[in-house]
Colleague: 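First the structure, then my questions, so here it is.
Naming convention: chains lettered A, B, ... in sequence-line order (proteins, then strands); numbering from 1 in each chain.
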Number of protein chains: 2
Amino acid sequence: MLKVGRLADYAVLILHHLGRMRPARLAMDSIAEVTHLPLPTVRKVMKYLVDADLVISKRGPNGGYQLARPPAQVSLAEAIAAVEGPLALTECCSAQGNCEIHDRCDLADRWPGVNAIVVKVLERTSLADLDRFGRHEPHVPPPLRELMAPVRHL
Amino acid sequence: MLKVGRLADYAVLILHHLGRMRPARLAMDSIAEVTHLPLPTVRKVMKYLVDADLVISKRGPNGGYQLARPPAQVSLAEAIAAVEGPLALTECCSAQGNCEIHDRCDLADRWPGVNAIVVKVLERTSLADLDRFGRHEPHVPPPLRELMAPVRHL
DNA sequence: CAATTGTATACCCCGTTAGTATTGAATGCG
DNA sequence: CGCATTCAATACTAACGGGGTATACAATTG
């Protein structure tokens, strides 16, 4: 668990393909084809991506979608947030958080710290990073190298 | 989004309290009281925690639950996994992952790397860490300090 | 103006989450 | 030995949200 929704997953995949094409445009049905996703689903995802200014759309013949920025400047955090809204591990972490217990919960103000770190990891991983790293190798951006050392407790 | 389920959230809260009591035992209704959670819900959570060997239970008069290890040796990853199963951002990341697209998805083997990092963060954050850090201050375990620097791209 | 392509809305189904109730088993004490 | 206490196991229900689909609309281009 701790899943990202499928639509967000799709979004990353689509962005990845748009990145490889950039700056060329890709029509919606082409996207559906190349990603092997059903077209109606692609429609829904594209709306999110346009609204979040991650892709630029053009209508009419020879229209389609184009990644708004170089892949190195699009983070996974943005991609996920475009579809699912701000990243928040728990209710306490979200802006309009409405947790029943909040007032009397000892951890209500501790979670945001944990959340911040997870978000940072996703912010520091770009579409280009996804591309760069080998298959099944753990992706480790430079500032995170130490993370992969054996865990200290347990 | 990127939420952790409420039950997992509860689990962490409960573990936190058990940690503060350790090595004393705490009965289920006491747990419900101190956490302000409904008792039937606590019942459900406790089952997960026992099955995962994170707490030890004792029956009969003066029974109750006890944290199995010192709080510094219980990670958030374990707590969450106890309730929700192995952490997996996407289908590709889980053992029995059954993703429709998997064979033809260009990212199927990239996600696990990202997942690994997120998991590491949660593995490196213990119950004790939650306790140690001040309110609303981002919690930053030593090997993660560099993370909080400004993001490089975007 | 007509073909192409994206936009917007509204709908529904299904799974999961979360909350609850009930009955059963173990422990310890007098 | 038996009763009080406390955890264990199972099964059920309600509700919400994710995700998939259909359909009608608007813009651009040649």
Colleague: Indicate the atoms forming the closest heavy-atom contact of A:Arg69 with A:Asp53, along with that distance.
Modeller: NH2-O, 4.4 Å
Colleague: Identify the two heavy atoms, one from B:Ala82 and one from B:Tyr48, that lie closest to each other, and give their separation to 0.1 Å.
Modeller: O-CB, 3.6 Å
Colleague: Would you name the heavy atoms of B:Asn115 and B:Leu87 that are closest together and state the gap between them?
Modeller: ND2-O, 3.4 Å
Colleague: With a 4.0 Å heavy-atom cut-off, tell me which residues in residues 79-87 of chain A come close to DNA chain C, sorted by residue number.
Modeller: none
Colleague: Does the A:Ser94 side chain pair with the main chain of A:Glu91, one donor and one acceptor, at a distance under 3.5 Å?
Modeller: yes
Colleague: Within residues 11-47 of chain B, which residues have any heavy atom lying less than 4.0 Å from an atom of DNA chain D?
Modeller: B:Ala27, B:Met28, B:Lys47
Colleague: Looking only at heavy atoms, which two atoms of A:Arg25 and A:Asn62 are closest? And how far apart?
Modeller: NE-O, 3.4 Å
Colleague: Working to the nearest 0.5 angstrom, can you tell me the gap between A:Gln73 CD and A:Leu54 CG?
Modeller: 12.0 Å
Colleague: How long is the gap from NE2 on A:His17 to CG on A:Leu26, to the nearest 0.5 Å?
Modeller: 8.5 Å
Colleague: Under a 3.5 Å distance rule, please check whether A:Glu123 uses its side chain to pair with a backbone N or O of A:Ala77 as donor and acceptor.
Modeller: no
Colleague: Provide the closest heavy-atom pair for A:Thr125 versus A:Val121 in the form atom of the first, atom of the second, distance.
Modeller: OG1-O, 3.0 Å
Colleague: Report yes if a side-chain nitrogen or oxygen of A:Tyr65 is closer than 4.0 Å to either non-bridging phosphate oxygen (OP1 or OP2) of C:dT7; otherwise report no.
Modeller: yes
Colleague: Hydrophobic cluster membership, with links at side-chain heavy-atom distances under 4.5 Å among I/L/V/M/F/W/Y: are A:Ile56 and A:Tyr65 in one?
Modeller: no
Colleague: Reckon B:Tyr10 has a side-chain N or O less than 4.0 Å from the OP1 or OP2 of C:dA18?
Modeller: no
Colleague: Donor-acceptor pair, distance only, cut-off 3.5 Å: does the side chain of A:Asp129 make one with the backbone of A:Ser126?
Modeller: yes
Colleague: Do A:Leu7 and A:Leu127 sit in the same hydrophobic cluster, where Ile, Leu, Val, Met, Phe, Trp and Tyr count as joined when their side-chain heavy atoms come under 4.5 Å apart?
Modeller: yes
Colleague: With sequence neighbours left out, write down each residue that passes salt bridge (Lys or Arg N to Asp or Glu O under 4.0 Å) with B:Arg43, or none if nothing qualifies.
Modeller: none
Colleague: Walking along DNA chain D from 5' to 3', note the first and the last nucleotide with an atom under 4.0 Å from a heavy atom of chain B, and give both.
Modeller: D:dT5 to D:dG18
Colleague: Axis-to-axis angle across the helix from C:dC1-D:dG30 to C:dG30-D:dC1, five pairs an end, to 10 degrees?
Modeller: 20°
Colleague: At their closest point, which heavy atom of B:Val55 faces which heavy atom of B:Leu18, and how far apart are they?
Modeller: CG1-CD1, 3.6 Å
Colleague: Could A:Glu84 and A:Lys3 be called an ion pair, given the rule that one side-chain N must be under 4.0 Å from one carboxylate O?
Modeller: no
Colleague: Looking at DNA chain C, which of residues 55-63 of chain A put a heavy atom within less than 4.0 Å of it?
Modeller: A:Ser57, A:Lys58, A:Arg59, A:Gly60, A:Pro61, A:Asn62, A:Gly63
